[in-house]
Structures are given as C-alpha cells and as structure tokens.
**Q** 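This is the structure, below, for whatever I ask next.
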Amino acid sequence: MAARFKSDFLNVLDQRGFIHQISDPDGLDALAAKGPITGYVGYDATATSIHIGNLITVTMLYWLQETGHKAISLMGGGTSMVGDPSFRDDQRKLLTVEQIASNIESIKRVYGRILRYDGANPAIMVNNAEWLLELKYVEFLRDVGRFFSVNRMLSFDSVKLRLDREQSLSFLEFNYMIMQGYDFVELNRRYGCVLQMGGSDQWGNIINGVDLSHRMEGPQLYALTTPLLTKSSGEKMGKSASGAVWLNGDLFSPYDFWQYFRNTEDADVGKWLKIFTRLPLDEIARLAVLQGNELNDAKKVLATEVTAIVHGRDAADKAAATAAATFEQGAIDLSLPTFELSRVELKAGIGLLSALVTAGLAGSNGEARRAIQGGAIRVNDEPVTDDRATLSEAHLLPEGVIKLSSGKKKHALLRAA
RNA sequence: GGGAGAGUGUCCCGAGUGGCAAAGGGGGCGGACUGUAAAUCCGCUGGCUUAGCCUUCGUAGGUUCGAGUCCUACCUCUCCCA
C-alpha cells in the first residue's frame, strides 16, 4: 500500500483504517515525522469497564507508542462528574464520587495489557480530576470561559439532537465541552501534548480544545478521529445479546469475547483484522481474501488475536480450544460455563425449566418454556420438546456433567456437587 | 408567577379516548437455509405452582361492576406569556 504520509504513525493509522478526520493533516504529519509527539485519548468513568468501542482508540494509543511517540491515557475522573451530552437525547444519571473512583480502578487494569506503562518510552495515565476539581469558578470563567462562544457551542451537531428534540440540556452538561477543551490545553502545558484522538462523535469536543489553545495563544494542537464502526449490515459495532461487549472478563467472559469476534460478518473480517489486531498488513491481506468456508479460518485468527490482546494469550487459546471442541468435534468441553447442582436435588429430579434458569440459558421459567416450545433446547445434544421434562442422575454423562444448549451457540454444563 | 402540552410493555420508537397483558415497528432470541457469516422466510419477545392467578401504561389518591383511558394532587420535561 502506498504511503500517503511522511510519518510512520499516520501511515499506520491510515493503512489500518483508523482515520476519519484530521484537523490539519499536513501539519500533524510534518510534526510526527520530525520527532516524537505526545498524544492522548480521554476515557469516561461511566461504567466499571470500557468496551470494544473504546478498544479502537486504545489501539490508536498503542500504535502511537509503537511508532516512537508518547501516549497518554486520560481518565475522566473530573469530567465524569459532569457527563458528556454529545449525541445523547437525555441526561446521564449523575455518578457519585465513589462510583467514579471505583470505576476508574476497575478500568485501569485493562490498559496495562494493551499499552506499556513501563520500560523505555512508557505510556502514562493521568486523571483530569487532578486539575478540574481544583478550579476556582470565577477565575476559570475569566481565564477560559471568555473564549467560548455560546452561539458557536449551540451550533454543534453533538447537541443538536437534544435541542431539536426540545429536551433539556442542563448548564451542567453544557460545560462538558469546555472542560474537555481545557483538558487538552492543560495536557499541553503539563506534558507538551499536541494531539487528541477519539471517536468521530468527539470531533466537536476535540476541536474546542484546539481552538482554545489558539485563543489562549498556546501552541498549535491537532485533532484526529476514527470512523464510527458499523458492521456491514449497518448495525453499530459492539453490541451483543447481553449488551455492550466489555473488556473486563468479569462482565464479559473471554470465551464470549472470542465468540463475538468469531461471529464477525464476512464483509467485515479484513476491516476488523486491521483495526483490532496487530498482525502485519500483508498477512491480513492474505486472510481477508479467503472465500466461503475458508473465511472462517480468518475469523478464528481474528478472534484469537483480539482476545489475546485483551485477555492474554492463554485465555485466547483456551477459548479457541473450547470453541473447537464444542462446535467442530461436538464434544463436551469442560471449560464451558459450568453451574453447580446439588446431588440431592438431582437425585429427586429437577425440572428442566429451573435447570435452564440456573445455567443462565433463560432469564425466567417462562422464557425457558418458550425456548423449549420453540425447539431451541437440547439436553446432552438431544432435542427436548416437553417443557415438563425433568433432569435426574440418569442424564449425567461419563464426564459427570449434563450439557444444556439453547440454540446452536449457547451451551452450559451442570455439575452435581 | 400565568397559560398550553408531554410522560405507555424497566432495550428503543410508538398506537391507544371505559372491557387491555395493551396494535405496529426496530432491536433481541429461536427455527429453516448455510459456513458458528450475510440475505430471506417462519415463530417467540411481563411473571408464576399456566383450563387459572399475579404485576404492568410518571407518582399517589378518587369515580366506576370495570381505568392506560375520566377526576384530584404531586413529580419530571417541553413550549408560550410575565
């Protein structure tokens, strides 16, 4: 692929499909080609984990670091107390200080796996609570607030949705973009940071920082955004049956994570390989041209590589092995999600409905019943159509477990204890 | 402070004007077809000890045999006037 930029950094991002908009491509390129630059991405602490949408921008930080530059991951300890109104049609619930702190603790762990915070040229993690919480109101208004035009802020697409729907946009939320703009300037002062990256929905917020620096007679700053990732079928990337695809293993298991990528649509395999894995581009090109059934091999590579980045190589290999045993050999793999059942209960015979609920394959007896009636349920791979069926010791396989399945993809084991 | 309007199935949008477990979408799940893909078609999409019972339409009361629908108060949000 022809190099469009002079700097390795922008070439990598360009060739792997990360670039949506850059505020001044040539200026940024020249700067990055000349020497190391410092760039950051901000993350809100609105949940106990980040999700795969965030993984994209963390990966940009990875490439930033990898191409010899300095990466900053900014925790939004201060901004999360306000809540980003961008492209939302309602106000976020206000989080307590304790929630924010515990969310940050929980989120932090994931970054260490993806970015390197030690050794030569380490990435750094900063929390904007450090400076935002110290601000003096009137002082801040005079120093920073005077550079923001309300007329202009009202014209941003990010708040249009709210205004057009005649939904209230509180003054609190309205301040979010000012705070984020100020963060950029502050990071420039403290660390010489000149680049902020983010999703395309953050463009307005990032540009605010670039402008603010101008107006405060600071240095030229740069904005770079990624496209909003959608599947070829038009859906937003990152949603699964159980909600968001989280990176923390306790919210979304490595096995489920692996499965999520394994089920990528054909048309997206190449795109995802470039963005989510670190495989060389020529290898990706080779994988992406596979057709039909062979493309499934590329999907397995994708799933394993991404899982390895997020959960570690061991967890990735294990997930791949479990999937291979379950789907390809039709065997019982003991590392499928397993639930305990008391031996006494089993002896007496336990209703299939409640067994399905226990195994997490149904949310309620009613749901379990409908699944059975819809022909979705199998016990030890034998279809069951009677919703009054019971399980007993006779169902135990030689491995000492009972395998329950809902549909082709969801499996769980019950073990007598 | 005065006036007008909105809040529906704990995923979203959205009909409904005294008989409603509540139309229709989207999304999701399942089945068929395949390749653990997409597209297409079909079924399901409050809970339970399921010929029945219980809980749901912003909150709390009231009218009525019966209320999402009518009345009162309150909460939240919009818009107009001051």
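Every chain is numbered from 1 and lettered A, B, ... according to where its sequence line falls, protein lines coming before strand lines. Worth knowing before you read on, the calculation uses all heavy atoms, side chains too, and leaves out hydrogens, waters and symmetry mates.
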**Q** Tell me the partner of B:U50, counting only Watson-Crick (N1-N3 plus N6-O4 or O6-N4) or G-U wobble (N1-O2 and O6-N3) with both under 3.5 Å; none if nothing fits.
**A** none
**Q** At 4.0 Å (heavy atoms only), tell me whether A:Lys410 reaches a base, stays on the sugar-phosphate, or touches nothing.
**A** sugar-phosphate
**Q** Stepwise, does the side-chain contact (heavy atoms from CB on, under 4.5 Å) test hold for A:Leu279 with A:Leu287?
**A** CA-CA 11 Å; A:Leu279 295 175; A:Leu287 289 169; 4.3 Å; yes
**Q** Does A:Arg370 come within less than 4.0 Å of A:Glu367, counting only side-chain N to carboxylate O?
**A** no
**Q** Sort out for me which residue in A:Trp272, A:Tyr255, A:Phe252, A:Phe276 forms a ring pair (Phe, Tyr, Trp, His ring centres under 6.0 Å) with A:Phe261.
**A** A:Phe276
**Q** Which value, in whole Å, describes the distance between the C1' atoms of nucleotides B:U56 and B:C20?
**A** 11 Å
**Q** What is the separation between atom CG on A:Leu356 and atom P on B:C29, rounded to the nearest whole Å?
**A** 17 Å
**Q** Would you mind reading off the distance between A:Asn296 atom CG and B:U34 atom P, rounded to a whole angstrom?
**A** 15 Å
**Q** Closer than 3.5 angstrom, by distance alone: can the side chain of A:Arg378 be matched with the main-chain N or O of A:Gly407 as a donor-acceptor pair?
**A** yes
**Q** In whole angstrom, give me the gap between the P atoms of B:G25 and B:U40.
**A** 15 Å
**Q** If you restrict it to nitrogen or oxygen atoms, what contacts under 3.5 Å exist between nucleotides 47-50 of chain B and the protein, and what is each distance?
**A**
from: B:G47; atom 1: OP1; to: A:Ser364; atom 2: OG; distance (Å): 2.9
from: B:G47; atom 1: OP2; to: A:Arg370; atom 2: NH1; distance (Å): 3.3
from: B:G47; atom 1: OP2; to: A:Arg370; atom 2: NH2; distance (Å): 3.3
from: B:C48; atom 1: OP1; to: A:Asn365; atom 2: N; distance (Å): 2.9
from: B:C48; atom 1: OP2; to: A:Gly366; atom 2: N; distance (Å): 2.7
from: B:U49; atom 1: OP2; to: A:Asn365; atom 2: ND2; distance (Å): 3.3
from: B:U50; atom 1: O4; to: A:Arg369; atom 2: NH1; distance (Å): 2.4

**Q** Is B:A6 paired to anything, Watson-Crick or G-U wobble with both distances less than 3.5 Å, and if yes, which nucleotide?
**A** B:U76
**Q** Quote, to the nearest angstrom, the P distance that separates B:U8 from B:U69.
**A** 13 Å
**Q** Who does B:C57 pair with, Watson-Crick or G-U, both distances under 3.5 Å?
**A** none
**Q** Please measure how far the P atom in B:A22 lies from the corresponding atom in B:C44, and state the result in whole Å.
**A** 14 Å
**Q** Whom does B:C41 pair with, Watson-Crick or G-U wobble, provided both distances fall under 3.5 Å?
**A** B:G31
**Q** Quick one: A:Arg262 CZ to B:A37 P, roughly how many Å, whole number?
**A** 8 Å
**Q** Looking at every non-hydrogen atom in both residues, tell me the closest pair between A:Leu221 and A:Ser23 and how far apart they are.
**A** O-OG, 4.3 Å
**Q** Determine the contact category for A:Thr326: base if any of its heavy atoms lies under 4.0 Å from a base atom, sugar-phosphate if only primed atoms, P, OP1 or OP2 are that close, otherwise nothing.
**A** nothing
**Q** So which of A:Thr304, A:Asn263, A:Thr264, A:Asp266 actually passes side-chain hydrogen bond (donor to acceptor under 3.5 Å, both in side chains) with A:Lys299?
**A** A:Asp266
**Q** Give the rounded distance in Å between these two atoms: CD of A:Glu265 and P of B:A39.
**A** 6 Å
**Q** Nearest whole angstrom, please: distance from the P of B:G35 to the CG of A:Leu290.
**A** 16 Å
**Q** A:Leu361 has an atom CG; how far is it from atom C1' of B:G28, in whole Å?
**A** 16 Å
**Q** Extract from the structure each pairing of a protein N or O with an N or O of nucleotides 31-33 of chain B at less than 3.5 Å, listing the distance.
**A**
from: B:A32; atom 1: OP2; to: A:Lys408; atom 2: NZ; distance (Å): 3.3

**Q** What distance, rounded to whole Å, do you find between the two C1' atoms, one in B:C75 and one in B:C65?
**A** 32 Å
**Q** Which value, in whole Å, describes the distance between the C1' atoms of nucleotides B:A38 and B:U59?
**A** 47 Å
**Q** Does B:U17 have a Watson-Crick or wobble partner in any strand here, with both distances under 3.5 angstrom, and which is it?
**A** none
**Q** Suppose we define a pair by two distances each less than 3.5 Å, Watson-Crick or G-U wobble; what does B:A67 pair with here?
**A** none
**Q** Using the P atom in both, what is the distance from B:G27 to B:G18, to the nearest Å?
**A** 34 Å
**Q** Could you tell me the Watson-Crick or G-U partner of B:G1, where both distances fall under 3.5 Å? Say none if there is no partner.
**A** B:C81
**Q** For atom C1', what is the distance between B:G26 and B:C74, given to the nearest Å?
**A** 34 Å
**Q** Before we go on, tell me: are the rings of A:Phe327 and A:His411 under 6.0 Å apart, centre to centre?
**A** yes
**Q** Would you check if A:Phe9 and A:Glu66 make a side-chain contact, meaning some heavy-atom pair closer than 4.5 Å?
**A** no
**Q** What is the separation between atom OH on A:Tyr260 and atom P on B:G28, rounded to the nearest whole Å?
**A** 10 Å
**Q** State plainly whether the residues A:Arg313 and A:Glu305 are in salt-bridge range, i.e. N to O under 4.0 Å.
**A** yes
**Q** How many angstroms lie between CG in A:Leu10 and CG in A:Asp26, if you round to the nearest 0.5 Å?
**A** 10.0 Å
**Q** Regarding A:Asp14 and A:Asn11, is there a side-chain donor-to-acceptor distance under 3.5 Å anywhere?
**A** no
**Q** Which is true for A:Glu328 with a 4.0 Å heavy-atom rule: it touches a base, it touches only sugar-phosphate, or it touches nothing?
**A** nothing
**Q** For A:Glu294 and B:U36, give me the distance from atom CD to atom C1', rounded to whole Å.
**A** 17 Å
